[in-house]
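Report on the following structure.
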Amino acid sequence: MNAKLNRVLDEIKRTEDKIAAWQEHLEELNIRKNQLEDAEIIKSIRSMKLGSREMLAFLENIRSGAADIRQGQPGEAAQQEENMQKAAENIGEPENTPAEREDREDEEND
């Protein structure tokens, strides 16, 4: 077969593999994002220091849309943002991170 065609076919295969790795990584990041959001919700609810029955009533009001949800204190948002950034730093890269494209000088010389 033609050498250029073989190179193009090889590059297509490598690109497809890289796309698959990035899609898997994206799925992992979305799962991690949901976990972090859930943790923030739980932390917020627990910080309210409600009794069991009060907490259940409050959660029911949230579900029905009747809850009085107040804004946090001005410094609270900055603290929550800092916590989220620290958690985001712990998120790893995919095992096979797609590398930069190889130089095309060899292809141009053929």
Side-chain angles (χ1 to χ4, degrees):
M1 237 197 280
N2 185 335
K4 287 184 179 184
L5 177 58
N6 279 335
R7 262 188 257 145
V8 168
L9 292 173
D10 290 342
E11 187 172 343
I12 288 171
K13 177 66 176 142
R14 283 192 307 270
T15 303
E16 288 172 345
D17 292 343
K18 290 175 187 179
I19 289 171
W22 277 112
Q23 285 177 331
E24 184 177 323
H25 182 65
L26 179 60
E27 288 175 21
E28 292 170 5
L29 288 175
N30 281 324
I31 290 169
R32 184 70 178 140
K33 177 193 72 142
N34 287 338
Q35 290 171 340
L36 290 170
E37 287 174 348
D38 291 347
E40 282 297 313
I41 292 167
I42 291 169
K43 188 170 81 175
S44 296
I45 296 297
R46 287 190 176 154
S47 71
M48 298 173 88
K49 308 247 190 263
L50 299 174
S52 296
R53 292 186 189 272
E54 293 172 323
M55 181 173 52
L56 289 173
F58 179 71
L59 292 173
E60 184 59 36
N61 287 335
I62 289 175
R63 286 186 198 111
S64 68
D68 178 24
I69 302 174
R70 299 180 196 115
Q71 292 288 359
Q73 299 299 323
E76 227 174 283
Q79 179 65 31
Q80 287 180 350
E81 181 66 28
E82 182 179 313
N83 291 342
M84 291 296 285
Q85 287 176 351
K86 287 178 184 176
E89 290 172 3
N90 294 330
I91 297 173
E93 291 293 319
E95 290 180 20
N96 296 324
T97 307
E100 294 293 322
R101 285 195 69 180
E102 299 168 2
D103 291 333
R104 296 178 148 256
E105 292 177 18
D106 294 334
E107 291 178 17
E108 293 173 1
N109 292 335
D110 288 338

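Everything numeric in this text was worked out from a predicted model, so none of it was measured.
Two residues are said to be in side-chain contact when any heavy atoms from C-beta on lie closer than 4.5 Å; I62 and L59 meet this criterion. By the 4.5 Å heavy-atom criterion applied to side chains, E37 and E40 are not counted as neighbours. Side-chain contact check for L26 versus Q23: every heavy-atom pair is 4.5 Å or farther apart.
Ion pairing of D17 with K13 is present here, as a side-chain N (NZ or NE/NH1/NH2) and a carboxylate O approach within less than 4.0 Å.
To the nearest 0.5 Å, the span separating CG on N30 from NE2 on H25 amounts to 10.0 Å. Note that CG of L50 is 10.0 Å distant from CG of L56, once rounded to the nearest 0.5 Å. For the atom pair NZ of K43 and CD1 of I41, the computed distance is 12.0 Å after rounding to the nearest 0.5 Å. In this structure, L36 CG and I31 CD1 are separated by 12.0 Å, a value rounded to the nearest 0.5 Å. The line from CG of L5 to CG of L9 is 4.5 Å long, rounded to the nearest 0.5 Å.
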